[in-house]
Each structure stands twice: as structure tokens, then as C-alpha cells.
*Asks:* 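Sharing a structure with you now.
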Amino acid sequence: MSGADEPGPTDPQTHGASPAQAEMPFAVVDGQPITVLPRDLYIPPQALEVFLEAFEGPLDMLLYLIRRQNLDILDIPIAEITRQYMRYIELMQVLQLELAGEYLVMAATLAEVKSRMLLPRVRSDESPDEADPRAELVRRLQEYERFKRAAEGLDRMPRLERDTWVAAADLAGRKVTRLPPQVTLPEMLLAFQEVLARSDMFAHHHVQREALSVRQRMTDVLAALETREFVDFVRLFRAEEGRLGVTVTFIALLELLREGLIEIQQSELYGPLHVRRGDGRSAAPTGAQDAANEDNLRAQNE
Amino acid sequence: MNEEYVKYVVEAALLAAGRPLGLDDLTGVFDERDGVDAAAVRAAIDALRADYANRAIQLIEVASGFRVQIRPAFAEPVSKLWVERPAKYSRALLETLALVAYRQPITRGEIEQIRGVAVNPHIVKTLLERNWIRVVGHRDVPGKPELLGTTREFLDYFGLKKLDDLPTLAQLRELEDLRVQLSLPGADAAEIAEPAGAEAPAAPTTPTDAAEAG
Amino acid sequence: MNEEYVKYVVEAALLAAGRPLGLDDLTGVFDERDGVDAAAVRAAIDALRADYANRAIQLIEVASGFRVQIRPAFAEPVSKLWVERPAKYSRALLETLALVAYRQPITRGEIEQIRGVAVNPHIVKTLLERNWIRVVGHRDVPGKPELLGTTREFLDYFGLKKLDDLPTLAQLRELEDLRVQLSLPGADAAEIAEPAGAEAPAAPTTPTDAAEAG
């Protein structure tokens with residue numbers, strides 16, 4: 001450090017910012033900062049191409065010209081910026097770079113703003129912005145800069161495969177769980193309706209109400225008689241079900257008896273009844289064929 | 001180099017790599033100046049192994065190097081992430097189920113008689129596995145055919161309190177009315193019919209389906 | 001259910017899935033009888049977060065759910081596992097993406113309006129193929145231009161839970177505000193102009209530098 005007022009050579013911040021309005025050096029040749037492009041090209045054309053292609057359009061280029069000189073975007077010295085902009089355009093043309101039409105449109109816009117700046121300004125208090133010919137250009141530059149910065153922000157965000165990776169562990173012999181299909185009640189009922197329509201049992205069916213509670217009870221009684229042990233007849237009834245429940249159980253027992261699925265024994269007259277699963281000696285149908293016939297018959301009877 | 005740092009970087013590398021890593025790969029991850037050698041990496045691996053001792057993951061060595069994997073004992077719950085979308089049940093299955101419900105206790109032979117075609121054993125097996133029907137006894141005829149009935153799960157699944165809540169045959173006769181009454185949801189049918197075979201990653205709605213089923 | 005068990009199964013599921021998992025996915029992993037609900041899973045997630053506090057991995061929530069990932073601070077060593085450098089995106093692509101993200105739904109024409117140059121069709125195609133943006137509709141003007149918006153994958157990729165988590169967009173300053181500000185000493189350090197000193201030299205140079213600066 002040589003002194004307080006002499007900025008250190010390693011301090012780029014003070015180095016670049018000291019003469020506020022001076023152009024940033026465009027290049028440094030033999031230690032001499034070059035701020036104005038000489039007429040003769042001193043930079044290899046290829047390097048310049050890369051340089052110029054780095055712009056994302058005329059707004060980006062204008063923004064560069066403004067920022068390079070630490071100018072405030074809201075108070076652009078339009079004449080000077082226009083001059084510099086045109087110099088780049090000429091350069092791009094000399095290099096025969098593919099010059100997008102937008103660059104020329106911007107050149108025309110700048111020329112127009114410049115000429116309007118030369119006219120005496122009428123400032124109205126109501127709409128001061130409209131009075132400044134640069135207003136629209138400034139608005140566009142600001143808007144573009146917002147998204148230019150947003151893009152930079154986006155690029156800085158930690159993203160997969162660059163800053164982070166999904167942590168994963170192997171699952172050897174992974175198997176797929178198969179979910180059982182879903183069924184709705186209407187679907188099943190429609191299926192049943194179709195069976196009924198196909199078989200003739202529907203046509204012969206005369207009874208209004210299918211005693212489904214009896215069928216359920218038949219299943220329940222059979223389940224209760226799982227072993228071939230005798231069960232007390234009365235134990236198959238549940239008093240809390242009331243008269244209807246008792247009747248349903250009784251009918252179910254009669255039906256099971258008729259089908260030979262259970263047998264009822266009474267060891268003495270007026271003695272307690274015992275129920276157990278049938279053992280085949282009852283008057284049961286003697287084959288699937290018969291059983292099916294029986295079913296049809298029953299359907300007719302019900 | 002801090003041992004903890006080495007351990008955690010080795011762990012991160014193993015989890016990020018998506019392939020088994022050798023000792024070379026793992027030492028190569030560190031800056032040369034850090035002086036982390038194969039011995040240090042090995043120590044880190046041993047430390048990680050100990051860390052994972054009670055966890056659902058484990059660090060193992062396979063032919064091409066080290067990798068972190070799910071402990072086989074935990075494969076079962078984790079596997080549930082891969083769910084196959086259900087196919088729709090066949091008409092034959094639904095008919096069989098309906099016959100068991102309305103005609104129980106009933107034998108296969110009796111079902112065949114009514115339907116006019118043989119009952120596919122798979123169908124009965126599926127219904128038994130689903131716990132919708134059960135064998136409630138045997139008919140006392142030659143061959144002792146099984147008698148089938150519905151279960152409590154069957155009633156629960158279809159939201160019935162008792163079998164009587166099923167429409168009566170008389171009601172079933174007015175099929176057209178039935179369609180309207182039950183407002184047969186076309187949307188439901190479409191959902192069921194959705195392509196099977198898609199795995200869970202593509203089917204994040206699976207838990208919802210399960211919830212609907214309950 | 002044992003809290004440790006829930007935690008370790010959740011960890012295993014997150015590591016096995018290879019995709020972010022929602023609370024539904026994670027509760028679905030457990031047996032219904034275990035009675036592990038969303039609250040229990042959330043507690044497990046919090047516990048894992050705490051476990052990972054000093055590690056090189058972290059548990060974060062992104063748009064499609066929870067995932068375990070490498071802590072970006074450890075990207076440097078872990079990235080050495082791959083010989084290929086990660087893809088760098090051009091400024092044009094990032095600017096287009098930023099416009100879609102912050103201004104969605106937006107048409108190509110509107111993007112061109114703000115950027116001042118034609119939108120390269122390749123860029124839009126790349127963004128669509130990466131599944132970061134998608135066509136969300138059409139603007140009701142002549143030509144019915146496509147309206148573009150970002151996707152869930154975009155959020156996942158950038159580790160975001162929702163669009164609101166994007167850094168806030170700089171405010172536009174009014175021309176008139178500035179005239180007032182400029183009359184005050186030190187007023188030129190307003191938000192947009194703030195990094196101006198760093199900005200000027202960094203902006204042009206070479207494309208590589210520009211990308212790195214971003």
C-alpha cells in the first residue's frame with residue numbers, strides 16, 4: 001500500500017470506479033488502456049466476433065455500453081451512447097457478422113430519440129415521463145435488465161446434476177405390488193342381472209322378494225357348525241334379534257335341512273335338539289346336475 | 001483431513017453415483033491436497049457401515065465396488081412404492097361373485113349350471129384371495145363340493161350392512177331403472193379401465209384409489 | 001409404531017424411489033395395521049432432516065414431494081465422479097426460461113418483445129424437451145400463439161417447491177423517482193444499479209465467462 005489516496009493495484013473496485021464517467025478500457029495493449037476503437041483493426045477478427053456474439057441483442061448491447069461507463073440507466077447521455085452503438089454496428093458490418101434486423105431497428109430508434117432530445121422540451125407536470133424522449137427506451141432497457149438478472153439468478157440456483165444429485169440406494173430384487181381391481185356395486189349388479197337374463201330362472205321367478213337374509217343366515221349357520229360337533233339348537237338363535245331374526249334363522253335351518261347340509265337330532269322325546277353338519281345320509285340331491293335342478297326349482301318356488 | 005468430512009463425502013458419493021464405486025473412485029473424489037488415501041476411505045466405509053447398523057439401508061461390497069442398498073428385510077415395505085395399476089375384473093368374475101352373494105351357500109356346479117359355462121378355477125381363487133367369498137361347508141353329495149358364501153369383507157367393501165341391502169331380484173328386473181337409480185358412474189368405470197402395467201412412478205393416484213376402495 | 005422404524009423406512013423409501021415422494025406415497029409404504037399416518041411420516045421427515053444437519057446429504061421438499069439430495073456445498077468433491085462437465089445453458093436459454101418462469105403464461109412474441117431479439121426455435125424446443133416448459137394454452141389473438149408456462153419438473157430440477165420460491169424480480173424504477181434520488185448524495189446506489197461496478201467488466205468478455213458469471 002503506497003498511500004491512502006493512491007488505490008492499490010490489487011483493488012479492482014476502486015480502480016474501475018474512480019473516474020466515474022470515464023469509459024472502461026476496452027482493451028489493454030502494452031499496458032495502455034484503449035478506450036476508443038482505432039480505425040484499423042488491432043484485435044484479431046475472430047476474437048472480436050466472439051466478443052460481439054456475446055450480446056443477446058441490441059438491448060443487451062446498449063445495456064453493456066451504459067454499464068461499462070457506470071452510467072445511470074435513467075439518465076443516459078443519448079448522443080454519446082448512440083455514437084458508440086453505431087460504432088459497434090459498423091464494426092459488425094465490417095466483419096460481415098450476421099447482423100440481426102433488431103440491431104438496425106435499435107439504431108433507428110436511437111437516432112430518433114437523439115433528434116427529439118435536440119428539440120426544446122416542454123415539461124408538463126401531469127406526465128413528466130412522456131416529456132422525456134428516452135422514456136420508452138429506458139423502460140425497455142430496465143425491463144430487459146430485470147430478466148437478464150433473473151436469468152443470472154436462475155443460473156445461480158442449485159440445480160440437479162450440477163450442484164446437487166438425487167441420493168439413491170439400490171433396492172435389489174424389487175417387486176411390483178399388484179393392486180386388486182376395484183369393483184362398484186352397480187357393476188356387480190349389472191353382471192348378475194345379465195346372468196339372470198341368460199338363465200331362465202328369471203322368467204320362472206314368481207316371488208317378489210328374495211329372502212337374502214335367509215341365505216346369509218344359512219351361510220352363517222354353516223360357518224358356526226364348522227366342526228362336525230353337535231351344537232345346541234337354541235344356541236343358533238339370538239334372542240336380541242327379535243321375532244324376525246329368530247324366524248330368519250329358523251327358515252335358514254329348515255332350508256339347510258332340506259338341502260341335507262345339516263342334520264338335527266333329538267335324543268329323547270321333547271328333549272333338546274342338536275344340530276350338526278350333514279354326513280350324507282340325508283335326503284340330499286345326488287349330484288351337481290340335480291343340485292342345479294334343485295336350484296332352479298327353488299327359484300321357482302320362492 | 002477431518003474423519004467426519006471424509007465419511008460424509010464418501011456417503012454422498014455412494015448415494016449420488018448410481019453405481020458401485022471402487023476405492024479408486026472414492027479416493028479420487030477428494031482434492032489431492034487433502035491427502036485422503038485408500039486407507040482413510042476404508043475407514044470411512046467401516047464407519048458408515050457401523051452407522052447403518054440399525055438402519056434400513058446397508059453398505060455392501062459387490063464385484064465392482066461399494067454401494068448403498070436397502071436392507072433386504074426392508075424390501076417389503078419399500079417395494080410398495082412400485083404399484084401396478086389394477087386391471088378390470090372380468091364379467092365372469094362379477095357374475096360368479098353376484099351368484100355367490102344372491103344364492104349362497106352355493107357350489108361351483110350350481111354356479112356353472114346357472115351361468116351355462118364352466119367356472120374358471122382362477123376366478124374362485126381370486127375371490128377367495130380377495131376375501132370376498134369363503135368356503136362355508138360341503139354339500140353332501142359325491143365329491144363333496146364346496147359350498148361358497150360371502151364374507152363380512154364383501155359387505156364392507158360394497159358398503160353394505162347386511163346382505164338384505166342388496167337390491168331384490170324384483171328390483172333387478174328393472175335394469176334400466178337400476179342404471180339410473182344407482183347412477184352407474186361412467187367415470188368410475190373409466191378409472192378402473194385405465195391401462196394396467198404402469199408402475200407407481202407414473203401413477204401417483206394409487207393411494208387415492210386405495211382410499212376410495214375402503 | 002416405533003418412531004425409529006418409521007424414520008428408517010421413510011429414509012429407505014426416499015433413497016429407493018429415485019423420484020420425489022409425497023406424504024401419500026410415504027404413508028402408503030406402511031402396512032395399514034401399523035397405523036402410520038401423515039403426521040407420523042412428517043415427524044420422521046423432520047427427524048431425518050435433523051439427522052442430516054451436518055452431513056453431505058439433505059432432505060428437501062420440491063414441487064413433487066420430498067427427496068434426499070447432495071448438499072450443494074459438497075458439489076465440488078461429488079462432481080468429480082463424472083468425467084463430463086454438467087451442461088451449461090446459454091444466456092439466451094436462461095433468459096427465455098426466466099421470462100417463462102416469471103411472466104407465465106407468455107407467448108414467444110412477448111418474450112421477443114422484452115428481450116429485443118427473435119426467440120431461437122431451438123431454445124424453445126430444448127426447453128420443451130427437457131420438460132421444463134410446456135404449452136399451457138393459446139392467446140386469443142390472431143394466429144392463436146401458444147402460451148408457455150413452466151412445469152413441475154422445472155421446479156424439481158431447481159429444487160423449488162413452488163413458483164413463489166423463485167428469487168424476487170427486481171423492481172422497475174421510475175424515471176421521475178430517479179431525478180429526485182439523483183439530487184441526493186449517494187442516491188445512485190439504488191437497487192438495479194447496485195452491482196454496476198462488478199457488472200460492467202463482467203458482462204461482455206467471452207461467452208464462457210458470461211456463463212460462469214451467471
Side-chain angles (χ1 to χ4, degrees), chain A residues 12-13 16-17 24 47 50-51 53-60 63-64 67-70 72-75 100-102 105-106 128-129 132 134-135 138-140 142-171 174, chain C residues 12 14-19 57 67-72 75 78-79 86-87 89 91-92 94-95 97-99 101-103 114-118 156-160 166-167 169-170 172-176 178-179 182 188 192-193 196-201 203-207 210-211 213-214:
Chain A
Q13 199 67 32
M24 297 279 296
V50 169
F51 172 79
E53 275 172 353
F55 291 121
E56 286 298 326
L59 287 172
D60 194 32
L63 215 52
Y64 164 70
R67 293 291 177 223
R68 180 169 74 122
Q69 296 164 77
N70 257 338
D72 193 292
I73 197 169
L74 293 183
D75 200 19
E102 293 93 342
V105 172
M106 180 56 76
D129 282 8
D132 195 322
R134 298 171 297 180
V138 165
R139 192 198 60 77
R140 287 189 63 196
Q142 282 184 310
E143 185 79 341
Y144 171 67
E145 189 173 37
R146 291 172 86 194
F147 289 101
K148 187 184 152 161
R149 288 189 186 285
E152 288 162 7
L154 208 57
D155 200 27
R156 271 194 298 271
M157 295 181 61
R159 64 177 190 237
L160 281 179
E161 288 141 35
R162 187 190 66 181
D163 312 294
T164 184
W165 295 265
V166 173
D170 269 16
L171 178 55
R174 182 183 103 191
Chain C
L14 288 169
L15 291 175
R19 64 181 167 107
I57 53 175
R67 78 167 177 226
V68 179
Q69 64 175 34
I70 307 308
R71 210 173 275 284
V78 173
S79 68
Y89 295 103
R91 273 179 58 203
L94 289 165
E95 285 178 16
L97 181 60
L99 274 161
Y102 283 91
R103 275 290 159 90
I114 296 172
R115 292 195 58 234
V117 278
D156 287 350
Y157 197 85
F158 286 91
L160 301 167
L166 279 171
L169 205 53
L172 282 182
R173 285 181 309 153
E174 293 298 325
L175 213 53
E176 205 46 24
L178 184 93
R179 296 229 170 81
L182 279 180
D188 42 342
I192 287 187
E199 174 67 17
T205 49
T206 67

*Asks:* What option among I57(C), D156(C), V78(C) has the most heavy-atom pairs under 4.5 Å with chain A?
*Replies:*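 Of I57(C), D156(C), V78(C), V78(C) has the most heavy-atom pairs under 4.5 Å with chain A.
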
*Asks:* Among S79(C), G159(C), P167(C), A101(C), which residue forms the greatest number of heavy-atom pairs with chain A at distances under 4.5 Å?
*Replies:* S79(C)

*Asks:* Y157(C) and side chain to side chain contact (heavy atoms under 4.5 Å, CB included): which single residue from M157(A), R162(A), R159(A) fits?
*Replies:*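 Single pass found, and it is R159(A).
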
*Asks:* Using a 3.5 Å distance criterion without hydrogens, assess whether the side chain of R91(C) forms a donor-acceptor pair with backbone atoms of A151(A).
*Replies:* no

*Asks:* Answer with side chain, backbone, both or neither: which region of A12(C) has an atom nearer than 4.5 Å to a non-hydrogen atom of chain A?
*Replies:*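 Neither part, no heavy atoms under 4.5 Å.
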
*Asks:* Side-chain contact test, heavy atoms from C-beta onward, threshold under 4.5 Å: evaluate it for R146(A) versus Y102(C) and give yes or no.
*Replies:*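 No - every pair of side-chain heavy atoms lies 4.5 Å or more apart.
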
*Asks:* Is there a side-chain contact between L166(C) and L154(A) in this structure, where contact means two heavy atoms from C-beta onward sitting under 4.5 Å apart?
*Replies:*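 Counting from C-beta outward, L166(C) and L154(A) do come under 4.5 Å.
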
*Asks:* Check whether any side-chain N or O of E102(A) sits under 3.5 Å from a backbone N or O of A118(C) as a donor-acceptor pair, and report yes or no.
*Replies:* yes

*Asks:* Where do A150(A) and L169(C) come nearest, in terms of heavy atoms and distance?
*Replies:*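 So the minimum-distance heavy-atom pair works out to CB-CD1, 3.6 Å.
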
*Asks:* Tell me the closest heavy-atom pair linking A167(A) and L15(C), and the distance in Å.
*Replies:*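 Of all heavy-atom pairs spanning A167(A) and L15(C), the closest is O-CD2, 3.5 Å.
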
*Asks:* Between V117(C) and G57(A), which heavy-atom pair has the shortest distance, and what is it?
*Replies:*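 Answer, listing the atom of V117(C) first, then G57(A): CG1-CA, 3.3 Å.
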
*Asks:* If I measure from the heavy atoms of chain C, does D170(A) come under 4.5 Å with its side chain, its backbone, both, or neither?
*Replies:*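 Answer is neither: D170(A) stays 4.5 Å or more from chain C.
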
*Asks:* Rounded to the nearest 0.5 Å, how far apart are CH2 of W165(A) and CD of Q69(C)?
*Replies:* 10.5 Å

*Asks:* So which residue, R67(C), E95(C), R71(C), ends up with the most heavy-atom pairs under 4.5 Å with chain A?
*Replies:* E95(C)

*Asks:* Kindly say whether P72(C) contributes a backbone atom to a donor-acceptor pair with the side chain of T164(A) at under 3.5 angstrom?
*Replies:*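 Not confirmed, T164(A) side chain does not pair with P72(C) backbone.
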
*Asks:* Measure L160(C) against the heavy atoms of chain A and call it side chain, backbone, both or neither at under 4.5 Å.
*Replies:* side chain

